[in-house]
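Beneath this line is the structure, given in structure tokens, with notes to follow.
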Amino acid sequence: MVSTPEQVEQTSFLALQAWLAGSPWRLSGGWFFIAGLAAAGAWVRSPLSWLTVALGLVLTGMLWGGLWTQLTANRWLPNAYTVRRPSLPYVTPRSPAGRMAGWHKPGVLGHLVRIGLPLIGLAALVAYLLGAEALLATAVLVVLVLVGAAAIRAGLDDLWNWLRGVVVAGLPFSLGILTLTAWPDQPRGLWLLGLASGYVLLAVASTNIAARGQDVTGLLVGVLGAAAIVGVLVVAKLPIAAVVTLLLAMPPLLAKSGRYQGRRGALQGWWLGAVLCSSLAFGFGIG
């Protein structure tokens with residue numbers, strides 16, 4: 001899939017604009033970062049500044065999400081996001097700097113360089129302010145983005161979706177924990193790994209809901225994700241939280257089976273509620 005210079009110029013800030021235009025209740029990296037902080041017991045087990053929280057939200061929500069969307073998911077976005085958009089004056093494809101770097105030429109590489117490098121640089125700067133864990137996580141994310149870009153251009157949509165689950169849920173949730181403390185010893189560390197796995201599965205299934213509607217594979221993935229989260233809460237002796245989380249996870253699963261007639265666009269809010277409920281209950285021992 002090759003982008004023309006006009007398409008590259010039109011989508012120069014597509015990622016951040018799409019992020020801002022989306023529903024605030026969707027499953028996104030910023031929410032999973034908050035979930036990681038909650039699961040680690042933020043503000044109770046250890047003090048945490050609001051600046052750290054703000055930087056983490058910008059990194060995991062806007063920059064990581066924007067980098068993934070811009071370089072791997074353009075063809076999944078509505079047409080409304082691909083009309084004329086502004087761009088910085090010195091990084092347009094036909095500017096002197098752009099011509100020296102070859103950005104004015106058609107092709108994927110120019111798109112990756114012109115759009116990806118500024119976002120990666122900004123993400124690295126914010127990650128540096130957060131600490132070594134954030135820098136390492138950002139490096140891992142860049143690798144996942146490059147693999148995701150190759151996957152989407154090769155038509156490997158399922159691989160793209162699984163990588164997206166790690167980018168949206170797994171990495172932000174883990175960074176939220178590591179921002180507060182080192183990864184806990186067993187069994188708590190194993191339980192957190194179980195929560196992270198369940199969140200990744202929900203993120204994968206949520207894309208199937210939006211793209212495919214009723215889908216057996218998506219239903220199975222969603223059921224496994226909900227079961228992993230509820231199972232962790234049960235093993236951690238939080239039965240009330242497990243029941244509430246299960247109830248919150250049910251509407252999207254019913255939608256997958258065709259037994260729910262509500263708006264599909266609102267279903268991610270239910271899973272967001274399940275994520276926040278389970279992480280808060282686990283982190284603070286409620287339930």
Side-chain angles (χ1 to χ4, degrees), residues 26-42 60 64-65 68 133 136-137 140-141 143-145 147-148 151 158-209 215-239 241-250 252-253 256 267-268 270-283 285 287:
R26 70 192 186 279
L27 294 176
S28 63
W31 281 118
F32 282 108
F33 177 75
I34 293 295
L37 292 176
T60 58
W64 285 4
W68 174 264
E133 294 83 3
L136 178 60
V140 173
L141 176 115
V143 173
L144 293 177
V145 166
V147 176
D158 289 335
L159 175 59
W160 176 90
N161 196 13
W162 283 99
L163 291 171
R164 178 189 174 276
V166 176
V167 168
V168 169
L171 274 181
F173 179 72
S174 300
L175 180 59
I177 296 169
L178 295 175
T179 298
L180 189 68
T181 181
W183 196 270
D185 295 330
Q186 308 305 339
R188 191 174 183 85
L190 186 61
W191 295 343
L192 286 172
L193 185 60
L195 284 180
S197 300
Y199 295 159
V200 169
L201 291 171
L202 289 187
V204 172
S206 71
T207 303
N208 282 332
I209 286 180
D215 175 66
V216 175
T217 302
L219 175 61
L220 178 60
V221 172
V223 168
L224 289 176
I229 297 168
V230 171
V232 168
L233 295 176
V234 170
V235 173
K237 299 181 180 180
L238 300 169
V243 172
V244 174
T245 299
L246 180 60
L247 292 175
L248 289 171
M250 286 303 297
L253 296 177
K256 277 291 186 183
L267 291 175
Q268 285 201 40
W270 288 97
W271 273 348
L272 176 59
V275 168
L276 295 179
C277 174
S278 57
S279 60
L280 285 168
F282 183 85

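Note that the numbering runs from 1 along the sequence shown for the chain. Since the model is a prediction, treat every value here as computed from it, not as a measurement.
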Search all heavy atoms of [X] against all heavy atoms of [Y] and return the closest pair with its distance.
{"X": "Leu37", "Y": "Gly176", "value": "CD2-O, 3.1 Å"}
{"X": "Trp64", "Y": "Ala137", "value": "CH2-CB, 3.6 Å"}
{"X": "Ala38", "Y": "Leu280", "value": "CB-CD2, 3.6 Å"}
{"X": "Ala203", "Y": "Gly165", "value": "CB-CA, 4.0 Å"}
{"X": "Thr207", "Y": "Arg164", "value": "OG1-NH1, 2.9 Å"}
{"X": "Thr245", "Y": "Cys277", "value": "OG1-SG, 3.6 Å"}

Taking C-beta and beyond as the side chain, do [X] and [Y] meet within less than 4.5 Å on heavy atoms?
{"X": "Thr60", "Y": "Leu171", "answer": "no"}
{"X": "Phe282", "Y": "Leu195", "answer": "yes"}
{"X": "Val200", "Y": "Phe173", "answer": "no"}
{"X": "Ile229", "Y": "Leu202", "answer": "yes"}
{"X": "Trp162", "Y": "Leu201", "answer": "yes"}
{"X": "Ser174", "Y": "Trp183", "answer": "yes"}
{"X": "Leu163", "Y": "Trp68", "answer": "yes"}

State the [atom1]-[atom2] distance between [X] and [Y], to the nearest 0.5 angstrom.
{"X": "Leu220", "Y": "Leu253", "atom1": "CG", "atom2": "CG", "value": "10.5 Å"}
{"X": "Leu180", "Y": "Glu133", "atom1": "CG", "atom2": "CD", "value": "11.0 Å"}
{"X": "Leu233", "Y": "Ser279", "atom1": "CG", "atom2": "OG", "value": "9.5 Å"}
{"X": "Leu193", "Y": "Arg188", "atom1": "CG", "atom2": "CZ", "value": "14.0 Å"}

Would you call the rings of Tyr199 and Phe32 parallel, tilted or perpendicular, taking 30° and 60° as the class edges?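 Answer is tilted, since the angle falls between 30° and 60°.
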Option from Leu27, Leu272, Asn161, Val168 for which side-chain contact (heavy atoms from CB on, under 4.5 Å) with Ser206 holds: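 Single pass found, and it is Leu27.
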Trp270 side-chain N/O to Ala249 backbone N/O, donor-acceptor pair under 3.5 Å: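 Checking the backbone N and O of Ala249 against the side chain of Trp270, no donor-acceptor pair under 3.5 Å is found.
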